[in-house]
Amino acid sequence: MMIELRNISKTYNEVKALDNVNLEVHEGEILAVLGPSGSGKTTLLRILALIEKPSSGEVYFNGTKVTEGNIQELRMQTTMVFQKTVVFNTTVYKNVAYGLKLRKVPEDTIRKKVSDVLDLVGLRGFENRYANRLSGGEQQRVALARALVLHTKLVLLDEPTANLDPRNATIIEDVISTANHELGTTFVVATHNIFQAKSLPQRIALLRNGRIEQSGTAAEVFSSLSKTLASFAAVENTFVGDAKSSDGGTTVVEIGNGVQIETTAQVQGKAQVFIDPKEVIVSKKHFASSARNFFKGRIVEIVDAGNVVKVKVDVKGKLFTVQITRRSLDDLKLHVGSDVFLTFKASSVQVI
Ligand code: ADP
């Protein structure tokens, strides 16, 4: 085991960000800390990175208790990539080489290491580009390269794909997976994204209200219809219902109020389904499509999330969330009260 938290609590003024957390991070694994916003993920990562002191409890690093005496030295063994990517206003090369320069690594070794890591993150040839002029996804890869180039045993990533489109998110996930295989890097990845937590990590710790409510392999955590998972995933397109196989070979899940969701997953009886908000198409007019799921509803809320917006649509008393770009929102002239159609494929409906 690489790092262990024992009875860790952290209080900010009156807010209890972490409440008696016990967690082991195993050497060589990818561990996802999955939880909704405000559940304590960042605080947990900062404590693992030894940049935040817990209010109570102990941290062990490779069996050694972290103390005032050894914290500086142990801190060097971990790198944290923060949620808000900060790239320096200089070239990609200088961004990535920075940490090695601080550590007084010889220039030719730096060149080799930077070149290797840029290969790993798919940014070969970007050495002389200005980092802050790159796209969001590319900047996130620069941030990751800056961490990986140090070859620390443990890398902590705070919501590494939160603001990325699916293509860039997949690239980041692939980089994490490759670094884990090829360099043996241990990763702890904080995420609120169930889909990311499902594919990438070997283990998942579910965090809610500062407590770890469940941990285990992805299969274990997702196979039980966890209340925790349901409660926060419910914020975005989680429905529980009765599943029956349909004539067409798909499964129909009746989620109440006469709303039926069709999925390609094979399941019977009580089932919990998720639809990724990015996979739902919203339109003002009905259009012909092969997608199996099609609903009429009304917009009840529009939540601004930066470049993207989340549109909440009431369909017979069931709330669906759709994520679209701000531009699409404007183009479609959508506002609260608009009548809309929602469309998504049966293959976009996941059963957990
Ligand atoms: P997450 O990363 O899951 O969104 P955080 O660890 O950022 O959660 O926050 C957990 C709780 O602690 C939240 O209620 C947050 O408002 C609070 N919190 C986090 N950092 C601070 C801080 N520096 N001062 C006061 N409250 C904080």
Side-chain angles (χ1 to χ4, degrees), residues 3-25 30-59 66 71 75 78-86 136 140 143-144 147 154-164 169 172-173 176 187-198 200-201 203-216 218 221-222 226-238 274 277 303-308 310 321 323:
I3 190 159
E4 186 185 356
L5 303 182
R6 287 192 199 161
N7 307 112
I8 292 287
S9 294
K10 176 74 189 182
T11 312
Y12 297 105
N13 306 319
E14 269 95 72
V15 180
K16 203 157 204 184
L18 292 177
D19 187 4
N20 200 28
V21 166
N22 288 285
L23 181 71
E24 288 179 9
V25 180
I30 302 175
L31 171 72
V33 176
L34 176 62
S37 176
S39 59
K41 301 184 295 295
T42 305
T43 307
L44 184 67
L45 253 54
R46 290 172 62 88
I47 287 175
L48 286 171
L50 309 180
I51 51 181
E52 185 93 66
K53 291 211 174 74
S55 309
S56 61
E58 288 148 12
V59 183
V66 177
I71 193 166
R75 201 178 274 152
T78 302
T79 318
M80 178 158 171
V81 180
F82 296 91
Q83 184 173 7
K84 290 214 170 64
T85 316
V86 191
Q140 190 61 276
L144 203 51
L154 178 62
V155 174
L156 308 165
L157 305 173
D158 196 0
E159 299 273 10
T161 62
N163 301 311
L164 301 181
I172 297 283
E173 286 173 21
I176 296 168
F187 286 94
V188 180
V189 184
T191 181
H192 69 276
N193 182 335
I194 284 157
F195 298 92
Q196 184 181 54
K198 224 174 165 180
L200 187 66
R203 278 197 320 132
I204 296 174
L206 281 181
L207 193 64
R208 195 164 69 120
N209 297 333
R211 288 168 173 262
I212 297 209
E213 296 213 338
Q214 205 175 336
S215 65
V221 171
F222 284 104
S226 148
K227 271 198 195 132
T228 306
L229 207 54
S231 65
F232 79 78
V235 180
E236 291 188 344
N237 295 341
T238 320
F274 282 115
V303 184
D304 204 325
N307 290 332
V308 294
K310 294 200 165 161
T321 304
Q323 181 176 312

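Atoms within each ligand, like the ligands themselves, are counted from 1 in listed order.
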Select one of side chain, backbone, both or neither to describe which atoms of P36 lie under 4.0 Å from any atom of ligand 1, heavy atoms only.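 Near ligand 1, P36 shows its backbone, while the atoms from C-beta on stay back.
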CZ (R211) with more than 12 external heavy atoms under 6.0 Å: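 Atom CZ in R211 is not crowded, with 12 or fewer foreign heavy atoms closer than 6.0 Å.
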Who's the nearest protein heavy-atom neighbour of [atom], and how far?
atom                    : answer
atom 19 (C) of ligand 1 : Y12 CE1, 3.4 Å
atom 2 (O) of ligand 1  : T42 OG1, 2.6 Å
atom 14 (O) of ligand 1 : V15 CG1, 3.6 Å
atom 12 (O) of ligand 1 : A17 CB, 3.3 Å
atom 10 (C) of ligand 1 : G38 O, 3.5 Å
atom 8 (O) of ligand 1  : G40 N, 3.1 Å

Using every non-hydrogen atom in the two residues, find where [X] and [Y] come nearest and quote the distance to one decimal.
X    : Y    : result
S55  : K10  : OG-CA, 3.4 Å
K41  : P36  : NZ-O, 2.9 Å
H192 : L34  : C-CD1, 3.8 Å
L45  : L156 : O-CD1, 3.5 Å
L207 : G40  : CD2-C, 3.5 Å

Kindly determine whether F82 and D158 satisfy side chain to side chain contact (heavy atoms under 4.5 Å, CB included), including the steps that lead there. CA-CA 5 Å; F82 296 91; D158 196 0; 5.5 Å; no
Heavy-atom protein contact below 4.0 Å for atom 22 (C) of ligand 1: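 When distances to the protein are checked, atom 22 (C) of ligand 1 has a heavy atom within 4.0 Å.
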Atom 16 (O) of ligand 1 protein-contacted (non-hydrogen atom, under 4.0 angstrom):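 False for atom 16 (O) of ligand 1.
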Using the side chain to side chain contact (heavy atoms under 4.5 Å, CB included) rule, take L5 and L18 through it: C-alpha gap first, then chi angles, then the decisive distance, then the call. CA-CA 11 Å; L5 303 182; L18 292 177; 5.9 Å; no
Provide the number and element of each atom of ligand 1 under 4.0 Å from a heavy atom of S37.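 Every atom of ligand 1 under 4.0 Å from some heavy atom of S37: 4 (O).
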Let me confirm one number: the CG-CD distance from L31 to E24, rounded to the nearest 0.5 Å.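 So the gap between those two atoms works out to 10.5 Å.
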Side chain or backbone, does S39 bring an N or O within less than 3.5 Å of an N or O on ligand 1?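 Right, the criterion is met.
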If I apply the N/O under 3.5 Å rule, does K41 come out as touching ligand 1?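 Indeed, backbone or side chain, K41 has an N or O that close.
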Which of the listed options, T43, L34, L45, holds the heavy atom that is closest to atom 5 (P) of ligand 1?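 It is T43 whose heavy atom sits nearest to atom 5 (P) of ligand 1.
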